[in-house]
Amino acid sequence: MPGGRLSQQERQQIALGLADSLPYAEIARRLDRPTSTVTREVMRNGGPVVYRADLAHRATEGRAHRRKPATFRGAGAASRPDGRDAQAVAEYEEAFTTVLMASGLTKMAARVMTNLFLTDSGSLTASELAQRLQVSPASISKAITFLESQSLVRRERDERRRDRYVVDDELFYQATIASARANDHLVATARQGVALLGAHTPAAARLENIARFLDFISESITRAAEQAREVLRSSPSTATSEVPPDQSDQAAIRS
């Protein structure tokens with residue numbers, strides 16, 4: 001971790017901050033640590049609900065004892081076949097996985113997503129994922145099933161008739177649209193309650209406001225996703241120049 005390992009006292013401060021419902025950024029500021037350090041510490045030790053300073057400290061000490069002694073990193077010793085620094089990539093994978101877990105993914109689903117994102121091809125087979133993550137095919141299958149249900153990965157067959165799991169430029173768009181449409185059932189159910197409870201009652205007014213709010217949010221997300229869709233198809237060199245203007249920009253252009 002940046003700045004050295006967390007001390008037991010720092011872990012106790014993290015636990016106190018979580019008990020007070022402080023955001024990770026505020027806990028990190030009080031410790032003078034990067035936010036990613038606190039986020040990774042909490043997520044690798046059970047998450048904010050079950051985090052315990054003493055258990056986290058013992059677990060970290062146990063992992064340290066189980067690690068092999070570090071070897072000298074000579075020129076090229078920490079490189080991969082693609083020329084990237086293996087240790088730097090591994091640390092980034094852990095950080096990216098932690099962020100995905102904080103967004104709501106399970107640990108295995110987050111690890112699968114991270115590995116797919118960080119491959120140049122954007123695709124891996126189940127056996128390749130199992131080998132990379134050192135887990136059983138069943139664990140990969142469970143994670144993939146969840147990710148597919150959220151439109152975060154898609155499945156395709158390669159020339160050897162193997163299933164490949166893919167992340168591509170369209171998946172974030174599709175996942176965003178699916179998230180917006182997930183509110184539709186709640187909106188419909190809330191409006192059933194309006195009719196049932198009587199349109200002029202406080203309870204019905206509350207449900208109608210919820211329905212209107214979610215309708216507005218869903219429409220806004222869908223519109224923004226449509227406007228920004230081309231960003232996902234742009235190359236890094238043109239990404240900043242191809243951001244589609246929002247409606248106010250378009251109005252200014254027309255005027």
Side-chain angles (χ1 to χ4, degrees), residues 1-2 23-25 34-51 63 80-158 160 162-183 221-222 224-225 228-236 239:
M1 290 183 179
Y24 294 150
T35 301
S36 60
T37 296
V38 174
T39 304
R40 185 163 55 244
E41 164 69 14
V42 174
M43 298 309 297
R44 78 189 309 182
N45 289 289
V49 176
V50 302
Y51 182 85
R63 286 192 292 267
R80 311 187 324 169
D82 56 16
R84 294 166 177 146
D85 185 301
Q87 181 174 337
V89 171
E91 290 174 353
Y92 180 74
E93 285 180 1
E94 183 178 355
F96 201 96
T97 298
T98 300
V99 170
L100 291 178
M101 290 170 63
S103 73
L105 292 183
T106 64
K107 184 174 182 179
M108 185 53 62
R111 294 182 70 196
V112 168
M113 281 290 290
T114 297
N115 270 264
L116 287 170
F117 275 131
L118 300 190
T119 58
D120 288 323
S121 65
S123 72
L124 291 166
T125 65
S127 61
E128 288 170 339
L129 282 165
Q131 184 177 6
R132 280 169 169 256
L133 301 178
Q134 294 295 291
V135 297
S136 68
S139 296
I140 298 298
S141 177
K142 184 177 180 180
I144 288 291
T145 298
F146 171 77
L147 292 170
E148 284 185 307
S149 74
Q150 302 299 308
S151 300
L152 292 173
V153 301
R154 65 180 173 82
R155 187 190 306 246
E156 62 182 30
R157 288 290 182 95
D158 64 14
R160 295 172 59 184
R162 299 175 304 178
D163 281 339
R164 298 193 71 87
Y165 305 109
V166 181
V167 290
D168 61 19
D169 295 338
E170 283 292 296
L171 281 171
F172 261 106
Y173 166 78
Q174 293 168 7
T176 300
I177 296 298
S179 176
R181 290 175 178 167
N183 288 326
I221 291 173
T222 301
R229 193 173 188 178
E230 289 304 314
V231 174
L232 294 170
R233 299 170 177 167
S234 60
S235 63

Atom pair CG/OG1 of L129 and T119 - distance to nearest 0.5 Å: 8.5 Å

So OG of S151 and CZ of R181: to nearest 0.5 Å the spacing works out to 10.0 Å

With T35 via side chain to side chain contact (heavy atoms under 4.5 Å, CB included) - residues at least two apart: Y24, A25, A28, T39

Heavy-atom nearest pair, T97 first then T114, reads OG1-OG1, 3.1 Å

Would you tell me whether R164 and S123 have side-chain atoms, one donor and one acceptor, within less than 3.5 Å of each other? yes

By side chain to side chain contact (heavy atoms under 4.5 Å, CB included), which residues pair with V135, not counting sequence neighbours? M108, R111, L133, S139, I140

Quick check: do R160 and T125 have side-chain heavy atoms less than 4.5 Å from each other? no

Output all residues satisfying side chain to side chain contact (heavy atoms under 4.5 Å, CB included) with F117, sequence neighbours left out; order by chain, then residue number. F96, M113, V167, F172

Could you walk me through whether Y165 and L147 pass the side-chain contact (heavy atoms from CB on, under 4.5 Å) test, one step at a time? CA-CA 10 Å; Y165 305 109; L147 292 170; over 6 Å; no

Which residue pairs pass the ring-ring contact (aromatic ring centres under 6.0 Å, His included) test with at least one member in residues 120-151, sequence neighbours excluded? none

Salt bridge (charged side-chain N to carboxylate O under 4.0 Å, His left out) filter on R157, not counting sequence neighbours, yields D163

Mark yes when over 12 heavy atoms from residues, nucleotides or ligands other than R162 sit less than 6.0 Å from its CZ; otherwise mark no. yes

Over all atoms of both residues, closest heavy-atom pair of A143 and V112: CB-CG2, 4.0 Å

How many angstroms lie between OG1 in T106 and CG in L100, if you round to the nearest 0.5 Å? 10.5 Å

Tell me, which pairs form a salt bridge (charged side-chain N to carboxylate O under 4.0 Å, His left out) where one or both residues lie in residues 139-154, sequence neighbours left out? E148-R155, R154-E156, R154-D168

Can you see which heavy atom on I221 is nearest to which on T176, and at what distance? CG2-CG2, 3.5 Å

What are the two closest heavy atoms between Q134 and Q131, and how far apart are they? NE2-O, 2.7 Å

Point-to-point distance, once rounded to the nearest 0.5 Å, from CG of L124 to CG of N115: 6.5 Å

